[in-house]
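Here is the naming used below: chain letters follow the sequence lines, and residue numbers restart at 1 for every chain. Excluded from the calculations below are hydrogen atoms, water molecules and symmetry mates; all remaining heavy atoms, backbone and side chain alike, are included.
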Amino acid sequence: MARSIGRRLLPLLFLAPMLLMIALAWVSPLVLTVYLGFTDLSIKNFLAFVKDFFTDKVSITLDNFRRIFYAEDPYVGETLRVTVLYVVSVLSINAIYALALSIAIAYFTKNELLSMILRVTWLLPRITPGIIYALMWIWFIDPKYGLLNEMLRLMGVPDSWLPDSWLLRKPYSQMLMIMINGYVGASFGMIVYTAAIKSIPPDLVNAALVDGASEFQVARRIIIPLLKWPILFVTAWQTLSLLSSYEYILMVWGAGSGQGYGIARSAGVMVWSLYSYTKAFAEHLYGYASALSLILVAIGLALIILYFKIFGFRRLMEPSRVEV
Amino acid sequence: MSRIGRAQIQTTAIALLVVGLIIGLAVGYLVAPGKTVTETKTVGAGETITTTITKMITETVGAEGTITIKAWASGSPVDTTRVENIKRAAEILNQMLAAAGVNVRIEVETQFFRGDYMDKLTAAFSAGEAPDIIAMKNLPTLADGGYVIALDDYVQKYWTLLEDVYPTLWNAVKYKGHIWAIPQDTEARPLYFRKDVLRQLGWSEEEINALPEKIMRGEITLQDLIQVAKQAEEQGLVEWGFYHRPNWGGTPFLILYYQYGGVAQDPDTGKLVLDKDAALKTLQLLYKMAQEDKVLPETMIGTDWRTIHSDFVNGRVLFWFGGTWHWAEWQRVEYHEQLGALPEDYEWENIGFALVPAPEPGLKPMTLSSPYLYYVTSQSKYPEIAFLLIVLATSAPLDAIHAVDSGHLPVRMTTVDHPYYKKSKFHSEVAYMLEYTSFEPLHPKYTAYKEAWITAIAKVEKGEATPEQALNELVNTLQAEIGEDIIIR
């Protein structure tokens, strides 16, 4: 009896730290965000609010959502457009470009050492501290002292095509936003894909080659179909993380009262999550910022369900990721 | 100014104050022996104030003990005097208490931030750990949110220590019928120009030196300077004719708007105002400068501060809409590629300053002041002591140190006679600008107002919208964001 209780409790004991972390770091902020999203908490009523927290004295309102959905907030439409551009573009780098890259590195590059060097090169941005990575970009794109314009000039790009400011001139600023995030994000897909490619039994490839298939046909007909699940996994994972990621945009374009806030918007890089951040920490409209984040949570949940239903997300969780 | 100079002045000020207090006490004792001196009796200025202060402190703290006052402030690297002066004020108060035989000592803990620290302040408030004194702007938000206390009673009680505050500055601390703060500093926002470039353009020394006065009299307008800027660009003397701030900061946008007859706040209702005509003219001028005359970079909004300072200090830009504090900043921060931090002599030789010129003939030159303020927070356990510290921290000797070292203008009329202040040539030469100054509105939704403006300005300068389109967008945004609190006319 005691042994059976012990057996049942033991897994819970091991799971407890993780469950506790999830409760503290995910569930409680979510509950708080839901609650705050229905209040008008701002810097003006903050002190009273802290006292009346979770009591009847706090008035519950739908105003924040009305502002968002009835387009009473003039910046919502543009923010949404930028977010779609950001997520779709960076996702195509992270999921599709990373696939081409992985096949190039893990299959076409036969020299193992070279393959490893290439992989490490793509991992560099991920192992570089975020703020250093952002600073390096800021220096790299400086129109006067940076290397980027100079490199493009050497490659024969005419001066009239080069922007006077990569940070502020649309669409260059948006291209920059996509490059900065794509370069970091590509390594995640690359690791997953490379591991998957390496786990494809060489017999399959060799058999195809003996049958007269070209290298390209091997990639097209054998490798890519076998990577179906990793591709779906990377796509699902990256969509969700891109929706809520703004840290590099924040570090490069800044946010804060007045200055950075203005730059992100006038540069056309104000994505939804950064907008929510700006509302909370630059304008101190905590209730409205929570409502904005809640929309993201809702979109994220909807996408999870979509992936689950349409792409058979459940199968991604099964042990074998490569079906042979 | 050297550190020794400051230290000497500080020591002299403290010594004079202590001697004065001791004499005051002695005279008071001799004149009225055995009588209880009340706050209202005026036996001698020193005695009254000292007695009031010591009585208040012993009643609040007890006969002996040490209390800690926390002070937070923010600003550019040269503005640390905002917290240092609180420490100096505590030293003065401690000397005063020691002289009066009271065994209470005040210690000051300070924090200085480079940017906005409102989020840290709210965190401190919710933890019950808020500082006693804060220095920032944001008056309506702080007052409406209950972060700071109204100071009317203290101001009345200690009026003798505040008589020399510039009367106009009291307007900047009044909100909803109360006084919420003490002015900490103020400034003017001049148009700086490169004398060396004007010389290369063939201007004589007399012409260069007469420029500020001609601007002041309205004889030279911004239109004239735009032509000078074009000429300098054509001759390859500078890369750009004009630079303005990368963000709002009032200059030159609000100044131009005011010059064109715009009003930002309705004096009767306190609501924010957008005069469409003045706003359109402001946007048209900026559009013309960036898109047609090409004397202003299209991507000026958002350019980083270091580039701006570096380009102006190295002579790559002819005119810069800056602030008086930049004069001090260039002497302390290494912006110049060969010289590093600028010696003041270099500044006098190569850089001049004037009011923001009238944008067109017939209009007036102007500048803008945005006083920085000291507040006492609602969580302070010793609000009256905190109040005394901010009063002393802005008294003439300390006001002079902050004004001269940080390039701001003083808040006390007596500061201009202080030797440390008198020695500063820059300050005596910019003093006249306060007669041409204007102020920003005091409204809790001013942030949204600024943001809408800056978005419109960025669009016209980049050529993404015509001034008319940008104005329409500005009106719509203001109506959506500010609602009933904006008057569009």
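The part of B:Glu239 that comes within reach of chain A is its side chain, from C-beta onward, which places non-hydrogen atoms under 4.5 angstrom from that chain. Heavy atoms closer than 4.5 Å to chain A are found in the side chain of B:Asp311, but not in its backbone. Heavy atoms of B:Asn476 lying under 4.5 Å from chain A are absent altogether. Of the two parts of B:Glu464, only the side chain, counted from C-beta on, holds a non-hydrogen atom closer than 4.5 Å to a non-hydrogen atom of chain A. Contact annotation for B:Ala448: neither backbone nor side-chain heavy atoms come within less than 4.5 Å of a heavy atom of chain A. Within the 4.5 angstrom heavy-atom criterion, no atom of B:Pro140 approaches chain A. Of the atoms belonging to A:Tyr286, it is side-chain heavy atoms, and not backbone ones, that fall under 4.5 Å from chain B.
No other option in B:Arg245, B:Lys450, B:Lys462 has as many heavy-atom pairs under 4.5 Å with chain A as B:Lys462. Of the listed residues (A:Asp164, A:Val50, A:Asp73, A:Ile138), the greatest number of heavy-atom pairs within a distance under 4.5 Å of chain B belongs to A:Asp164.
Surrounding CD of B:Glu484 are at most 12 heavy atoms belonging to other residues, nucleotides or ligands under 6.0 Å away. Counting non-hydrogen atoms of neighbouring residues, nucleotides and ligands closer than 6.0 angstrom, the CD atom of A:Glu72 exceeds 12 such neighbours. The 12-atom threshold is not exceeded at CE of A:Met136, counting heavy atoms of other residues, nucleotides or ligands nearer than 6.0 Å. Few gaps surround CZ on A:Phe54; more than 12 heavy atoms of other groups in view lie less than 6.0 Å from it. Counting non-hydrogen atoms of neighbouring residues, nucleotides and ligands closer than 6.0 angstrom, the NZ atom of A:Lys170 exceeds 12 such neighbours.
In this structure, B:Lys445 does not pair ionically with A:Glu283, as no charged nitrogen and carboxylate oxygen lie closer than 4.0 Å.
Residues A:His284 and B:Asp116 are in side-chain contact: their nearest non-hydrogen atoms beyond the backbone lie under 4.5 Å apart. Taking the side chain as every heavy atom from C-beta outward, B:Glu481 and A:Tyr75 approach each other to under 4.5 Å.
For residues 36-45 of chain A, heavy-atom neighbours of chain B at less than 4.5 Å comprise A:Ile43, A:Lys44, sorted by residue number.
Nearest approach of A:Leu47 to B:Gly145, heavy atoms of both residues: CD1-O, 3.5 Å.
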Can I get a per-line list of side-chain donor-acceptor pairs under 3.5 Å for residues 124-132 of chain B, giving both atom names and the distance, sequence neighbours left out?
unit_1: B:Ser126; atom_1: OG; unit_2: B:Thr122; atom_2: O; d: 2.9
unit_1: B:Ser126; atom_1: OG; unit_2: B:Ala123; atom_2: O; d: 3.1
unit_1: B:Asp132; atom_1: OD1; unit_2: B:Lys70; atom_2: N; d: 2.8
unit_1: B:Asp132; atom_1: OD2; unit_2: B:Ser380; atom_2: OG; d: 2.8

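Side-chain N/O atoms of A:Arg169 and B:Thr299 include no donor and acceptor closer than 3.5 Å.
Screening residues 147-160 of chain A for salt bridge (Lys or Arg N to Asp or Glu O under 4.0 Å) gives A:Glu150-A:Arg153, A:Arg153-A:Asp159 as the qualifying pairs, with residues at least two apart or on separate chains.
In this structure, CG on A:Asp142 lies 7.5 Å from CG on B:Asp304, to the nearest 0.5 angstrom.
Every residue two or more places apart in sequence or in another chain that forms a side chain to side chain contact (heavy atoms under 4.5 Å, CB included) with B:Lys120 is listed here: B:Trp72, B:Phe113, B:Tyr117.
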